[in-house]
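FYI, the numbering just counts along the sequence from 1. Source: prediction; values computed, not measured.
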Amino acid sequence: MVYTVKEGCTACDSCQPECPTGAIKVQPDGEGYWIDPTLCNSCEDIDVPRCVDVCVTGALAPLQPKKGRNKSTLLPVAIPNIFLNGKTTPFASCMVVWEACNVLAQRQSLPWHADDQGRLRYCHTIHRGRGELRFRLAADPEDPNPSATAYDAGMEALTQFDLRATCLHLIFAAQATTDDRPWEQPFVLNDQHLEQYLGLHRRKDLTKLERLKLIKTLVFQACQVLVSLDWPRQGKVQGFSLEEHAIWQLLHTQYYFETDTEGCQHLIGLSFTLQAGAWAKHFLNRQDYGKQTAFYQYGTLPWLLLTGVMASWQQHEGAMRLLLWLVFKLRLGSDHRMTVRTLLRIAYGEDRLREAMTVRGAHKRLLKTFENDLETLYHHGLKPQFDPDTYPPEIQPLWARVAEIPDDADDALDFWADDAHRPLSLTDRAPRDKGQRLLNARLLGFDLSEDWQQSVGKTRPKRRRSAKSTPTAPPTALSGDAIKAARQRQNLSQRALAQRLGKSQSWIRDVENGRFSVGAGDLTQLQTVLGLG
């Protein structure tokens, strides 16, 4: 139970040194003490809390749970300024933010090591070894000049990191895009903002204090990541180096209390004042981007990703790691080929992948988990595209093959009739060498649902084009109903159209039902086949 300081405290300073968690703090005016309820654990290892044992005035007492609603006029109004369309928002997606997301998501699975000073450090080379990103963890995220943790303390801290802290990291990255100079302009988020973004306001199993504790923990973990880097010249942007600094500087934490009739203070809200680190001046700089002396790199963050991580972080941790990695990967160009080995390493770590390749029977368990996680990605709006050469139907997951079954009863009857005469039937067992073949397989990419492709109504800063360069107009988009009507006019079944396009029947069905949008290349081919050019 959390304790509180009631009236009668003489500020004798006997309790503060005894607190093992640092929960007893001096009041802002310097008169007396207050107890941070997000830190107090009532000294769970002993019967009588240490502060109570040494208090001579009896001013410390258990804080009884606050009854009724926890709303108050003391709390500032939470007006969200991201996810304005209810689906997506721009967010900073440079390599610094991407690797920091990997640090928070993959934690001790990354190749951490001790540097020359015995501090925990993780290094990531970039641009074929011409540059490097170096990450360490801050011992105290509220320290304006944070010091990095030692190796043992840092590894212990990593084991306590929560996967959901990546959601806070991405929210901060989205918030930073709302300012023109985010490395100079702080932003404020309170617990009501974060509860709405993360869906915590629907968690009726948590008390208000438990939600506030969780939010503070996640914010602090996201602010513990430190980075230093050496970036090589890229195009006209000159190379540069940055000294170690916090990716997100936690400038101030504001606590909001209400006092009940018995003089007990109840925590009813939190707000955090944050600011992007020096990295933003080089990777999220609107003004210098037009001068070609800095970058402005951003992507699209789906709200579905945040709610998905918050809902499935325990049951499908591997799938959530992949989801967080792919939100950056899928924004880079059009070629998204990736090997199954890479996905396994991202989802489960190098050690588990090595175990699967050396321990008898371990690969079967890992690959079964991987197929289940691929299905989880599918339900979150990312449909894998299997390479027909290295990932043919006979080794594809059963759920992917079942997805080929048409919804229409007549088409389903034809499907099963044809399936009975195929060399590989849907009901056949997988080949014996499936495990080894999967380790050498690859995906061509992922088809994105509309929730991942929704326009955010915010344009990227554009450079001046020369008079000779003339942009090519993109093909006109087609709705799912228009594609279906054109297919029926051609007397084509979904399967026949899929064969002409080199796609699966389920892809055609998902496009017609509006689940997936058609890319520019596929759209041109689709218009040609359906005679819509």
- Message: Less than 4.5 Å apart, side chain to side chain, heavy atoms only: is that true for D152 and M155?
- Response: no
- Under a 4.5 Å cut-off applied to non-hydrogen side-chain atoms, are H336 and L444 in contact? no
- Query: What about the rings of F91 and F328, do their centers lie closer together than 6.0 Å?
  - Reply: yes
- Query: Do Y296 and C94 come within less than 4.5 Å of each other through their side chains, counting heavy atoms only?
  - Reply: no
- Task: Could you tell me whether the side chain of T21 and the main chain of L39 form a donor-acceptor pair under 3.5 Å?
- Result: yes
- Query: Is R286 positioned over the aromatic face of Y289, cation under 6.0 angstrom from the ring centre and no more than 45 degrees off axis?
  - Reply: no
- Answer yes or no: is there a donor N or O on one side and an acceptor on the other, between the side chain of T125 and the main chain of E132, under 3.5 Å? no
- Message: To check you understand the geometry: which heavy-atom pair defines the closest contact between L200 and I215, and what is its length?
- Response: CD1-CG1, 3.8 Å
- Query: Are H282 and W183 close enough that their ring centers fall under 6.0 Å?
  - Reply: no
- Message: Can you see whether T376 engages D373 through a side-chain donor-acceptor pair at a distance of less than 3.5 angstrom?
- Response: no
- Message: If we ignore hydrogens and angles and just use 3.5 Å, is the side chain of H124 paired with the main-chain N or O of V96 as donor and acceptor?
- Response: no
- Query: Can you tell me how far CG of L274 sits from CD of Q175, rounded to the nearest 0.5 angstrom?
  - Reply: 9.0 Å
- Message: Using a 3.5 Å distance criterion without hydrogens, assess whether the side chain of S109 forms a donor-acceptor pair with backbone atoms of G349.
- Response: no
- Query: Counting only N and O atoms by type, is there a donor-acceptor contact under 3.5 Å from the side chain of Q275 to the main-chain atoms of L250?
  - Reply: no
- Query: Checking K281 against F283: charged group under 6.0 Å from the ring centre and within 45 degrees of the axis?
  - Reply: no
- Would you say F83 and Q196 make side-chain contact, with heavy atoms under 4.5 Å? no
- Check whether any side-chain heavy atom of P141 lies under 4.5 Å from a side-chain heavy atom of Q224, and answer yes or no. yes
- Task: Evaluate the side chain to side chain donor-acceptor pair (under 3.5 Å) criterion for residues N372 and T369: first the C-alpha distance (whole Å), next the side-chain angles of each, then the deciding distance (0.1 Å), finally the verdict.
- Result: CA-CA 5 Å; N372 291 336; T369 302; 5.6 Å; no
- Indicate, with yes or no, if the rings of H252 and F272 have centres closer together than 6.0 Å. no
- Message: Is a donor from one side chain sitting under 3.5 angstrom from an acceptor on the other, for D447 and Q385?
- Response: yes
- Query: Salt bridge check: are R134 and D115 linked by an N-O gap of less than 4.0 Å?
  - Reply: no
- D36 bridged to K216 by N-O distance under 4.0 Å: yes
- Task: Taking Q221 for its side chain and Q160 for its backbone only, find out whether a donor-acceptor pair lies under 3.5 Å.
- Result: yes
- Message: Are I346 and Q106 packed together at the side-chain level, in the sense that at least one heavy-atom pair is separated by less than 4.5 angstrom?
- Response: yes
- Message: For Q315, I'd like to know if atom CD has over 12 heavy atoms of other residues, nucleotides or ligands within 6.0 Å.
- Response: yes
- Task: Return yes if a side-chain donor-acceptor contact under 3.5 Å exists between Y348 and E317, otherwise no.
- Result: no
- Ignoring hydrogens and angles, tell me if any N or O in the side chain of W112 forms a donor-acceptor pair with the backbone of R107 under 3.5 Å. yes
- Can R121 and E244 be counted as an ion pair, charged N to O under 4.0 angstrom? no
- Any L226 side-chain heavy atom under 4.5 Å of H245 side chain: no
- Could you walk me through whether E195 and K208 pass the salt bridge (Lys or Arg N to Asp or Glu O under 4.0 Å) test, one step at a time? CA-CA 11 Å; E195 284 186 3; K208 180 65 175 180; 3.4 Å; yes
- Message: With a 4.0 Å cut-off on N to O distance, would you call R181 and E184 a salt bridge?
- Response: yes
- Sidechain-backbone polar pair: H316 side chain, Q314 backbone, donor-acceptor under 3.5 Å: no
- Under the 3.5 angstrom rule, does the side chain of T342 hit a backbone N or O of M338 as a donor-acceptor pair? no
- Sub-4.5 Å side-chain heavy-atom contact between V103 and Y122: yes
- Task: Indicate whether the side chain of N190 and that of Q254 have a donor and an acceptor atom separated by less than 3.5 Å.
- Result: no
- Query: Between W248 and W279, does the ring centre distance come in under 6.0 Å?
  - Reply: yes
- For the pair R119 (side chain) and R136 (backbone), establish whether a donor and an acceptor sit closer than 3.5 Å, ignoring hydrogens and angles. no
